[in-house]
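These figures come from a predicted structure and were not determined experimentally.
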Amino acid sequence: SQRIVEKIEAFAKAQNKKALFVLSYPPKSVTRFVTEGVRADQPFVDFLKQRGSPVVDLMQAHMDDFALIKGDLKAYLAKYWVGHYNPRGNYFCAYALMHKLVEMLVPKPPAYRADPAIMK
């Protein structure tokens, strides 16, 4: 996986583009992290952070969201997954991506620009 990231970043750079890496997880991985604190991909996450690669970590997004709810894990998982993301899970994913994606865009979409002159 690390070599694939290196190749993707090299290709993106050669094309004058940027790559955004999205780490997505099935409910089983989220359950394991919540209950045991074990994250099988931690070395890969560390690798991405060490490289400074743009990344959206949906595990962290789910941990932040779950901490706000303070509810039952099984009910939390059912809210977003039906084996894969349900429509609400897709929305969760899109919203988690939005801020990092907007940060990377040049120029920013009009709604995210600080210059009020663009609204004229």
Problem - Minimum side-chain heavy-atom gap Tyr25-Asp41 below 4.5 Å - result: yes
Exercise for the section: Provide the closest heavy-atom pair for Ser24 versus Tyr85 in the form atom of the first, atom of the second, distance. Expected result: OG-CE1, 4.3 Å
Exercise for the section: Determine, using the 4.5 Å side-chain heavy-atom cutoff (strictly less than), whether Tyr95 and Leu97 are members of one ILVMFWY cluster. Expected result: no
Exercise for the section: Nearest 0.5 Å please: distance from the CG atom of Asn90 over to the CZ atom of Arg88. Expected result: 12.5 Å
Exercise for the section: May I ask you to decide if the ring planes of His62 and Tyr76 are parallel, tilted or perpendicular, using 30° and 60° as cut-offs? Expected result: perpendicular
Practice task
Determine, using the 4.5 Å side-chain heavy-atom cutoff (strictly less than), whether Val22 and Phe33 are members of one ILVMFWY cluster.
Solution key: yes
Exercise for the section: Calculate, to the nearest 0.5 Å, the distance between atoms CG and CG belonging to Leu77 and Asp72 respectively. Expected result: 8.5 Å
Exercise for the section: Please answer: with hydrophobic residues joined when any side-chain heavy atoms are less than 4.5 Å apart, are Leu58 and Leu20 in the same cluster? Expected result: yes
Exercise for the section: Please examine the side chains of Thr31 and Lys74, heavy atoms only from C-beta on, and report whether any two atoms are closer than 4.5 Å. Expected result: no
Problem - Sole residue of Phe66, Tyr91, Phe92 in ring-ring contact (aromatic ring centres under 6.0 Å, His included) with Tyr80 - result: Phe92
Practice task
Please check if atom CD1 in Ile4 has more than 12 non-hydrogen atoms from other residues, nucleotides or ligands closer than 6.0 Å.
Solution key: no
Completion exercise
Shortest non-hydrogen pair, Ala40 vs Arg32, comes out as CB-NH1, 4.4 Å
Problem - Atom CD of Glu36: over 12 foreign heavy atoms under 6.0 Å - result: yes
Handout entry: Full working for side chain to side chain contact (heavy atoms under 4.5 Å, CB included) between Met98 and Tyr112
Key = CA-CA 11 Å; Met98 178 182 63; Tyr112 295 92; 3.3 Å; yes
Problem - Which atom of Gly83 lies closest to which atom of Pro27, heavy atoms considered - result: O-CD, 4.3 Å
Exercise for the section: Run the salt-bridge test on Arg39 and Asp57 with the 4.0 Å N-O cut-off and return the result as yes or no. Expected result: yes
Practice task
Measure the acute angle between the ring planes of Phe44 and Phe47, then classify it against the limits of 30° and 60° as parallel, tilted or perpendicular.
Solution key: parallel
Completion exercise
Tightest non-hydrogen contact, residues Pro54 and Ala19, listed as CG-O, 3.4 Å
Practice task
Examine distances only and state if a side-chain atom of Lys108 and a backbone atom of Val102 form a donor-acceptor pair shorter than 3.5 Å.
Solution key: yes
Handout entry: Atom of Val56, atom of Ala96 and distance for their closest heavy-atom approach
Key = CG1-O, 3.8 Å
Handout entry: Contact summary for Ala78 and Asn86, nearest pair of heavy atoms
Key = O-ND2, 3.7 Å
Problem - Note, Arg51 side chain near Gln2 side chain (heavy atom, < 4.5 Å) - result: no
Practice task
Supply the members, apart from Val38, of the Ile/Leu/Val/Met/Phe/Trp/Tyr cluster built from side-chain contacts under 4.5 Å; use none for a lone residue.
Solution key: none
Problem - Atom pair CD1 (Ile8) and NZ (Lys17), whose distance is rounded to the nearest 0.5 Å - result: 16.0 Å
Practice task
To the nearest 0.5 Å, tell me how far Lys49 NZ sits from Gln42 CD.
Solution key: 6.5 Å
Exercise for the section: Any chance you could lay out the side chain to side chain contact (heavy atoms under 4.5 Å, CB included) test for Met59 and Val45, step after step, and finish with the verdict? Expected result: CA-CA 11 Å; Met59 180 73 78; Val45 173; over 6 Å; no
